[in-house]
Amino acid sequence: MDTNNWGLPGGYMELGETFEETIQRELLEELSIYIEEIKLLHIFSGKKFYHEYPNGDQVNSVIAIYTAETYKGDIKVDHNEVKEARFFKLDSLPTERTKTTKNSLMHLNIDVNNRKTKTT
């Protein structure tokens with residue numbers, strides 16, 4: 001989904017929106033689903049989340065990762081921002097990931113090389 005290849009789609013916040021409102025809006029726009037109960041897993045920021053785009057734009061991302069167990073609606077990919085949407089178990093995540101996704105997984109103590117989740 002989007003550029004992060006796992007989890008919920010990424011997106012931009014509208015003025016005045018909370019993280020939770022952004023997630024709900026983006027999921028409706030991009031996948032036609034609604035999630036009622038979401039739980040904050042972690043917020044990422046800092047130098048490891050710096051990215052320079054091919055056009056020269058530079059960003060330091062602030063990434064909020066949430067979990068959800070259920071959703072309402074049938075997934076319908078909009079094909080404008082999302083190419084494909086699938087669910088993955090932690091032990092079977094895709095091997096192709098962006099730098100940001102790799103950093104997020106590392107900070108969550110998910111060993112993607114051995115495909116095991118470490119608990120702390």
Side-chain angles (χ1 to χ4, degrees):
M1 297 181 180
D2 204 21
T3 58
N4 62 16
N5 296 328
W6 70 282
L8 298 177
Y12 295 97
M13 294 179 81
E14 301 287 338
L15 288 174
E17 260 185 343
T18 65
F19 281 120
E20 295 81 4
E21 291 167 338
T22 301
I23 290 167
Q24 290 170 335
R25 178 182 51 76
E26 289 284 336
L27 287 171
L28 280 171
E29 289 174 3
E30 297 175 14
L31 301 178
S32 298
I33 61 173
Y34 180 78
I35 294 183
E36 291 179 344
E37 294 184 39
I38 56 176
K39 295 178 185 174
L40 179 64
L41 183 61
H42 196 79
I43 295 177
F44 298 101
S45 61
K47 293 178 184 177
K48 290 186 178 185
F49 297 94
Y50 165 84
H51 181 76
E52 184 171 340
Y53 290 96
N55 69 358
D57 287 352
Q58 300 175 17
V59 296
N60 270 77
S61 297
V62 176
I63 301 165
I65 306 264
Y66 286 80
T67 61
E69 293 190 20
T70 60
Y71 63 91
K72 291 183 180 180
D74 295 322
I75 294 177
K76 296 175 191 145
V77 176
D78 75 351
H79 297 287
N80 291 320
E81 296 184 50
V82 178
K83 178 181 172 184
E84 179 182 16
R86 294 187 295 160
F87 291 98
F88 299 94
K89 293 183 179 184
L90 284 177
D91 63 355
S92 61
L93 292 173
T95 56
E96 292 183 34
R97 291 177 290 273
T98 64
K99 176 184 166 189
T100 302
T101 299
K102 289 176 188 175
N103 285 336
S104 300
L105 291 170
M106 181 185 71
H107 287 287
L108 290 171
N109 292 320
I110 298 172
D111 184 343
V112 294
N113 294 324
N114 293 322
R115 300 204 181 269
K116 294 180 182 173
T117 303
K118 299 176 185 175
T119 57
T120 55

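Throughout, residue positions are numbered sequentially from 1 according to the sequence presented.
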Applied to residues 41-63, the salt bridge (Lys or Arg N to Asp or Glu O under 4.0 Å) test, sequence neighbours excluded, yields none

Rounded to the nearest 0.5 angstrom, the CG-CZ distance for L40 and F19 is 8.5 Å

When rounded to the nearest 0.5 Å, the distance separating CE of M13 from CD of E26 is 10.5 Å

Of all heavy-atom pairs linking S45 and V62, the shortest is CB-CG2, 4.2 Å

Rounded to the nearest 0.5 angstrom, the CD-CD1 distance for Q24 and I35 is 8.5 Å

Shortest non-hydrogen pair, I75 vs A85, comes out as CG2-CB, 4.2 Å

The side chain to side chain donor-acceptor pair (under 3.5 Å) partners of E36 (sequence neighbours excluded) come to K72

dist E37:CD -> T67:OG1 (nearest 0.5 Å) comes out at 10.5 Å

Applying salt bridge (Lys or Arg N to Asp or Glu O under 4.0 Å) to E29 and not counting sequence neighbours gives R25

What one should report as the nearest heavy-atom pair of Y71 and G73 is CE1-O, 3.3 Å

Distance col, row I23:CD1 vs E17:CD, nearest 0.5 angstrom, shows 10.0 Å

Hits for side chain to side chain contact (heavy atoms under 4.5 Å, CB included) against S32, two or more places apart or cross-chain, chain-then-number order -> K76

Flag if over 12 foreign heavy atoms under 6.0 Å of CD, E69 = no

Closest heavy-atom pair, F49 versus S104, reported as atoms and distance to 0.1 Å, is CE2-OG, 3.7 Å

Cluster membership besides Y34, Ile/Leu/Val/Met/Phe/Trp/Tyr side chains within less than 4.5 angstrom, sorted by chain and number, is L28

Separation between NE2 (H42) and CD1 (I65), nearest 0.5 Å, reads 9.0 Å

Shortest non-hydrogen pair, V77 vs V82, comes out as CG1-O, 3.0 Å

Residue set satisfying ring-ring contact (aromatic ring centres under 6.0 Å, His included) with Y50, at least two apart, ordered chain then number -> none

